[in-house]
Enquirer: 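My questions will all concern the structure given below.
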2 protein chains.
Amino acid sequence: MIWLIPGVLPGGKVAFMTSAPPPTHRTGGGRTGRPRSADADRAILAATREALVELGWSKLTMGDVAARAGVAKTTLYRRWAGKSELVVDAVAALFDEHLELPDRGSLGADVEGVVLQFAALLERPETKTALMAVVAESTRDDALRDRIRSAIVDRQKTLVLVGRERAQARGELPAEPDASAAARNADLIFDVIAGAVVHRTLVSAEPVDAEWARAFTALLVGGLTAAAAGYTDPAA
Amino acid sequence: MIWLIPGVLPGGKVAFMTSAPPPTHRTGGGRTGRPRSADADRAILAATREALVELGWSKLTMGDVAARAGVAKTTLYRRWAGKSELVVDAVAALFDEHLELPDRGSLGADVEGVVLQFAALLERPETKTALMAVVAESTRDDALRDRIRSAIVDRQKTLVLVGRERAQARGELPAEPDASAAARNADLIFDVIAGAVVHRTLVSAEPVDAEWARAFTALLVGGLTAAAAGYTDPAA
DNA sequence: CTCTTACGCTACGAGCCGTAGCGTAACTGC
DNA sequence: GCAGTTACGCTACGGCTCGTAGCGTAAGAG
């Protein structure tokens with residue numbers, strides 16, 4: 001059983017948090033009783049990020065976070081089902097704050113921008129140690145997977161959609177024939193960009209610098225324009 | 001301090017395992033004393049894979065694996081420093097067995113083949129739950145990172161190098177100007193392929209089917225040939 | 001037959017988990 | 001104000017996992 005409760009993240013934006021029991025997380029209106037402390041939320045999430053930097057994912061404990069935040073351990077468990085859920089919300093706030101896509105004038109420049117931005121986010125020790133861990137956890141927890149998707153992944157995917165729209169408006173890319181093909185294509189591009197940056201940063205453990213971003217962008221944009229020109233396997 | 005000890009994996013191939021104390025892991029010749037049981041090695045690694053399938057990474061414990069393998073818990077700790085190291089060796093054996101690159105006649109066909117092969121490996125519950133977890137762990141453990149690299153990542157990268165060599169022999173791709181550029185390029189392609197497949201499988205949680213593999217291959221090969229034709233950002 | 005190393009077993013302190021129980025604090029509606 | 005309701009802090013707890021120590025035994029090397 002999963003409850004979806006609208007909650008307010010540090011950025012002031014509304015997100016959805018899944019909690020264990022029915023935690024009635026409202027901010028302004030409604031029910032009776034003592035309301036949950038928004039200060040506690042902020043303190044807990046900030047403490048979580050701090051603990052991630054100092055201890056990393058595996059050595060981070062709920063008790064430690066509670067102590068840092070100055071709240072009781074039970075308060076954490078009243079709001080989050082466990083470490084994974086807590087950490088997802090804690091790092092999701094960073095994605096909220098640091099992802100944007102200013103128009104840089106060309107498809108290539110836009111791609112390069114988003115690559116560097118995403119890479120900068122992944123270079124942070126909080127995200128570096130947390131992201132793969134929660135993804136690993138999500139392979140056995142569908143609710144957690146949905147939480148990651150809505151709190152983190154979808155925010156990145158938006159950038160791809162915006163970038164493609166701009167490129168089409170500029171005439172750099174053709175319009176998609178139908179909606180489902182467009183969606184498949186966007187998913188593909190998203191997996192390629194996000195996957196390459198993540199793999200470079202976390203598996204190969206080498207920096208996404210300007211040079212790499214340029215080479216990657218050339219490869220991707222080349223592929224996109226080639227595909228637009230009707231490329232198929234020459235051996236087929 | 002790290003020791004590198006040649007050991008024999010299930011496939012019969014020789015791999016390198018890092019153990020905590022000086023465990024003198026020899027098979028045929030050398031020192032005095034009772035030799036380590038190769039049967040125990042096989043049983044432990046098989047038990048680890050079995051436990052990964054049933055329990056997943058987070059609920060797998062050293063005690064459980066020892067019980068399944070029919071050995072004492074202390075024996076595990078005599079050979080592996082902890083859960084991460086053990087799991088890396090356990091899944092590395094799968095990569096040894098299931099990665100190969102038959103010549104399919106064209107660059108596109110080779111890419112598609114390796115994508116599907118890698119995806120099939122990632123669809124297994126053992127690898128699915130383990131790979132991201134150990135990568136996450138490795139962000140705070142350099143020795144573990146090296147172990148992952150030599151036991152898993154380098155085996156995949158070899159396929160990229162073989163594929164490129166073939167493509168160059170076929171005339172599908174030009175020869176590289178210098179060695180360092182060639183290495184950078186191979187790293188880029190590797191991060192793109194492995195990253196996209198991993199991201200698609202584990203983050204987007206959608207299958208790498210024939211259709212996706214074809215679309216991805218078209219994108220990548222298109223980018224490679226475009227780059228070979230001297231593509232640069234048209235807005236630059 | 002001795003030396004050396006690996007193994008199985010038991011036992012242990014330490015740490016974290018997640019929850020129960022209780023008294024208190026904060027806010028709502030009457 | 002006052003009752004009703006919900007959140008909070010605190011304490012305590014059983015249960016589990018960790019990683020190690022100690023000891024007697026098993027298996028090869030010389």
Side-chain angles (χ1 to χ4, degrees), chain A residues 3 5 7-8 17 19-44 47-48 51 55-87 133 137 141, chain B residues 3 5 7-8 17 19-44 47-48 51 55-87 133 137 141:
Chain A
W3 287 266
I5 306 96
V8 177
M17 335 172 54
S19 295
T24 61
H25 200 297
R26 82 280 134 136
T27 309
R31 234 158 303 176
T32 144
R34 175 177 178 176
R36 287 196 173 170
S37 161
D39 288 340
D41 259 12
R42 279 189 289 274
I44 291 169
T48 304
L55 308 173
W57 161 266
S58 59
K59 293 187 180 174
L60 180 148
T61 68
M62 296 294 270
D64 188 302
V65 170
R68 286 169 191 263
V71 302
K73 197 173 57 165
T74 46
T75 297
L76 263 72
Y77 281 105
R78 287 190 187 101
R79 306 187 185 199
W80 289 277
K83 188 166 143 174
S84 304
E85 289 79 2
L86 172 60
V87 167
E137 219 54 43
D141 183 341
Chain B
W3 286 265
I5 306 96
V8 177
M17 340 175 47
S19 295
T24 60
H25 200 297
R26 82 279 131 138
T27 308
R31 230 159 305 178
T32 143
R34 175 177 178 176
R36 287 196 173 170
S37 161
D39 287 341
D41 259 13
R42 278 188 288 274
I44 291 170
T48 303
L55 307 172
W57 161 267
S58 59
K59 293 186 180 174
L60 179 148
T61 67
M62 297 293 271
D64 188 305
V65 171
R68 286 170 191 263
V71 302
K73 198 173 57 165
T74 45
T75 299
L76 263 73
Y77 282 105
R78 286 190 188 102
R79 307 189 184 199
W80 289 277
K83 187 165 143 175
S84 304
E85 289 79 2
L86 172 60
V87 167
E137 219 55 43
D141 183 340

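Throughout, a chain's letter reflects where its sequence line sits, starting with A, and its residues are numbered from 1.
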Enquirer: Could you write nucleotides 15-28 of chain D as a row of B, S and -, 5' to 3', where a protein heavy atom under 4.0 Å of any base atom gives B, of only sugar-phosphate atoms gives S, and otherwise -?
Expert: --SBBBB----BBB

Enquirer: Decide side-chain contact (heavy atoms from CB on, under 4.5 Å) for A:E137 and A:D141; before the verdict, give the C-alpha distance in whole Å, the side-chain angles of both, and the deciding distance to 0.1 Å.
Expert: CA-CA 7 Å; A:E137 219 54 43; A:D141 183 341; 5.9 Å; no

Enquirer: Compare all side-chain heavy atoms of B:R78 with those of B:T75 and state whether any distance is below 4.5 angstrom.
Expert: yes

Enquirer: Output the rounded distance in Å from CZ (A:R79) to P (C:dT19).
Expert: 16 Å

Enquirer: When rounded to the nearest 0.5 angstrom, what is the spacing between NZ in A:K83 and CG in A:L76?
Expert: 12.5 Å

Enquirer: So which atom in B:L60 and which in B:A51 form the shortest heavy-atom distance, rounded to 0.1 Å?
Expert: CD1-CB, 3.7 Å

Enquirer: Is the shortest side-chain N/O distance from B:T75 to OP1 or OP2 of C:dG8 below 4.0 Å?
Expert: yes

Enquirer: Has B:S37 got a side-chain N or O lying under 4.0 Å from the OP1 or OP2 atom of C:dA6?
Expert: no

Enquirer: CZ of A:R79 to CD of A:E85: how many Å apart, nearest 0.5 Å?
Expert: 15.0 Å

Enquirer: Just verifying a value: how many Å separate A:L86 CG and A:T48 OG1, rounded to the nearest 0.5 Å?
Expert: 3.5 Å

Enquirer: Measure the distance from CG on A:L76 to P on C:dC17 and round it to the nearest whole Å.
Expert: 10 Å

